[in-house]
Amino acid sequence: MGIATVAVYSEADKDARHVEMADEAVCIGPPPSKESYLVIDKIIAACKQTGAEAVHPGYGFLSENEEFSRRLEENGIIFIGPKHYSIAAMGDKIASKKLALEAKVNTIPGHNAAIDTPEQAVEIAKGIGYPVMIKASAGGGGKGLRVAYNDKEAHEGFASCKTEAKNAFGDDRIFIEKFVEEPRHIEIQLIGDGHGNTVYLWERECSLQRRHQKVIEEAPSSFIDAVTRKAMGEQAVALAKAVNYQSAGTVEFVVGKDKSFYFLEMNTRLQVEHPVTELITGVDLVELMIRVAAGEKLPFTQEQVKLTGWAMECRINAEDPFRGFLPSTGRLVKYIPPPEVHGVRVDTGVYEGGEISMFYDSMIAKLIVHAATRDLAIARMRDALNQFVIRGVSSNIAFQAALMQNPRFTSGDFNTGLIAEQYPKGFNAADVPHDDPAMLVAVATAIHRQYLSRNASISGQMPGHEFVPGEDFVVLLGDDEYRAKALAAKGGWDVSFAGEVYEVRSNWQFGDPLYIGTISGQPICMQIERRGLVYRLFHQRSGRYPGDVGPHGGIEGADAQQGPAGHVEVSAVPDARAAYAHRRHRGAGGQGRRSLGQDRGHEDGERAESRARLRGGDAAGQAGGQSGGGSDHHRFQVGRRVGVGLQGDLDAKTRYRAAHSCRASIGREQYPLRMVAAQHPLPRVLAFTEALPCCVF
């Protein structure tokens, strides 16, 4: 649009992407938001310092703050958002519900006045009829909200909501309304100008939530029909006109299983999930907000609003789904988002090498896709998740991948309770089994054969004892065993097992995080990560390869975080001279490195590796044979447990306790091999605000 930009930032965000991209940047204080992003005077001072004429507040912090909008107006600065009186009218949930009733918008039965005591809350709840929702008047993002099914829960829920609301919003007013069972969360995007024109831009389905926090959004909804869509849109517009709303906003509804819908609240700001609306309508909402704030009319009417295709958004957050979604902070050692082609869009504020701090929201990026149909959008999202590489911090990509192949989600038969119902004990990778092993077995065998070929080129091998890679391998996938053969071919390997030949072709090299190529002519993209001496594979079926397979994990070591299922182990069949890992030899006079297959200690270790099998167990173990004055240590893969690596050292005198064990042969002796669970230090529990830095234009 040709507008110069100014970014305001806290000291924690001095290296943030928005700071780098802006024409100018102004530091407004220390990391705590109450000392920087929430200080209105500092934002106004930055505007005056740089000559900025307008402010876009982003998604959070001051974006729905009545005083901020008013103060900017008083200082002759344009607020790119609604007028302060509209924010005030819709920011109070009790007042907004009364306005909705006056505008003839469907509202949930409830008590619209503030409630003073737990006893009063119980009486009101009994009058409405359980279950009820106890909500903070100034709440948002699931804060200050409880569902009560009886008097005891109503009494306790009122007290906890009141305390939480006071701490989070400085407003402890509480109200109660009927809880709609099997609800769906559907919201209407609208935009109005200063000339009396208001249109709705269809709906977004935001029912996939965890603890009232949105996880996946899509547009349109697979649940509502054209008649319901029109009725919801018209009621949203009526409410907006009732408060003279100018700018982009969202009216949220709860929709019952009978398609009855009720007003929840109005968000007087741009939503995090606005890109899905942009993709199905072709409308740039941020540009429209700027033009409306500048006094322009909307360039289209309601009849001209398009609805083309299907769009979905996954919120990629820095959190560990395998540890109760604990926040994860640290440096992004590797950050490779999928290419923004073929209907894929990535909105992000981070970069490789950047820091995920403890101060703000845990969101890393928004991954958005667009396709002609819902099924194609799901397939495209699966492909994009396969290609999204994040290392250094944990992310929820594995969880998103699991949801993308959940039968209830793919069928469209879900509501806001899906995640709680499907994962009552939290997310576990074992919840997503591998349906078709062909792809993983073929790629794992090819990678292993390529690894052995590289080992064969190690210099300094004893003449006559050079390492020669074999062709036959055993692939363990959970409790299933596959015997495979890998033969070199132009551009890759021909892997045969179960009577089929899979032509695996790729330019993949060691160190590449993505294995991109084809299997028998079908495109394949999966993530590969090396952990110590083992590799892990991560993949989710897109639907283009035969079968319908969900997300997969792979060759797994300690700290396995990202892959949501399956473990693949590849080893040489008995009597082959190759082992899976590097060898390290410790001599009597110190530590040195030896070539593969160099002496008897290695040969014994290889036999130990090929004989050791642990069904249903875990990752890496070490076994040692005796040679000279020291011992040879070999690391190998045995068995499977998703998300945890087990490892232990073995010698003739020491035993380690664990949940699983097997026997390993070393030379002519057999020793019990026991695995010790690797310790995973838990990160501190951190609190994040739901906001992004605001940008000054």
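These numbers come from the heavy atoms of this one structure, side chains and all, not from hydrogens, waters or symmetry mates.
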Original post:
Any Lys/Arg nitrogen of Asp172 or Lys162 sitting under 4.0 Å from an Asp/Glu carboxylate oxygen of the other?
Top reply: yes

Original post:
Is the backbone N or O of Gly58 less than 3.5 Å from a side-chain atom of His56, with the two atoms forming a donor-acceptor pair by type?
Top reply: yes

Original post:
Is the shortest side-chain N to carboxylate O distance from Arg291 to Asp193 below 4.0 Å?
Top reply: no

Original post:
Between Lys97 and Ile108, is there a donor-acceptor pair closer than 3.5 Å when you use the side chain of the first and the backbone of the second?
Top reply: yes

Original post:
Any salt bridge between Glu66 and Arg70, counting N to O under 4.0 Å?
Top reply: no

**OP:** Among Lys135, Met133, Glu164, find the one that has a side-chain contact (heavy atoms from CB on, under 4.5 Å) with Arg146.
**Re:** Glu164

Subject >> Side-chain H-bond candidate by donor/acceptor type, His111 with Glu177, under 3.5 Å >> reply: no

**OP:** Ignoring hydrogens and angles, tell me if any N or O in the side chain of Ser86 forms a donor-acceptor pair with the backbone of Pro82 under 3.5 Å.
**Re:** no

**OP:** Check Phe261, Tyr200, Phe223 against Phe253 for a ring pair (Phe, Tyr, Trp, His ring centres under 6.0 Å) and give me the one that passes.
**Re:** Phe261

Original post:
Mind checking whether Tyr149 and Tyr130 have ring centres under 6.0 Å apart?
Top reply: no

Original post:
Just by modelled atom types, is the Asn150 backbone N or O under 3.5 Å from a matching donor or acceptor in the His155 side chain?
Top reply: no

Subject >> Arg315 backbone acceptor or donor facing Gln400 side chain under 3.5 Å >> reply: yes

Original post:
Is there a donor-acceptor contact under 3.5 Å linking the side chains of Asp375 and Thr373?
Top reply: no

**OP:** Please confirm whether the backbone N or O of Asp116 pairs with a side-chain atom of Gln120, one donor and one acceptor, at under 3.5 Å?
**Re:** yes

Original post:
Can any side-chain N or O of His370 pair as donor or acceptor with the backbone N or O of Thr308 at less than 3.5 Å?
Top reply: yes

Subject >> Taking every non-hydrogen atom, the tightest pair across Phe414 and Ser207 >> reply: CE1-CB, 3.8 Å

Original post:
Is any side-chain N of the basic residue among Lys214 and Glu187 closer than 4.0 Å to the acidic one's carboxylate O?
Top reply: yes

Subject >> Modelled atom types, side-chain donor and acceptor of Lys257 and Asn415, under 3.5 Å >> reply: no

Subject >> Modelled atom types, side-chain donor and acceptor of Asn406 and Gln422, under 3.5 Å >> reply: yes

Original post:
Donor-acceptor pair, Asn317 side chain versus Glu319 backbone, under 3.5 Å?
Top reply: no

Original post:
Quick one: does Trp202's side chain have a donor or acceptor within less than 3.5 Å of a partner on Lys306's backbone?
Top reply: yes

Original post:
Which heavy atom in Ala148 sits nearest to a heavy atom in Ile134, and how many Å separate them?
Top reply: CB-CD1, 4.1 Å

Original post:
So is Arg374 actually on top of Phe409's ring, under 6.0 Å and inside 45° of the axis?
Top reply: yes

**OP:** Inspect the contact between Arg345 and Glu278 and indicate whether a charged nitrogen and a carboxylate oxygen are less than 4.0 angstrom apart.
**Re:** yes

Original post:
Taking atom NZ of Lys297 as the centre, does the number of heavy atoms from other residues, nucleotides or ligands within less than 6.0 Å exceed 12?
Top reply: no

Subject >> Residue of the set Gln271, Arg204, Gln189 for which side-chain hydrogen bond (donor to acceptor under 3.5 Å, both in side chains) holds with Thr277 >> reply: Arg204

Original post:
Is it true that Lys230 and Glu234 have a side-chain N and a carboxylate O under 4.0 angstrom from each other?
Top reply: yes

Original post:
Between Ser36 (side chain) and Pro32 (backbone), is there a donor-acceptor pair under 3.5 Å?
Top reply: yes

**OP:** Indicate yes or no: at least one non-hydrogen side-chain atom of Phe68 is less than 4.5 angstrom from one of Ile43.
**Re:** yes

**OP:** Inspect the contact between Lys366 and Glu273 and indicate whether a charged nitrogen and a carboxylate oxygen are less than 4.0 angstrom apart.
**Re:** no

Original post:
Mind checking whether Phe399 and Phe325 have ring centres under 6.0 Å apart?
Top reply: yes

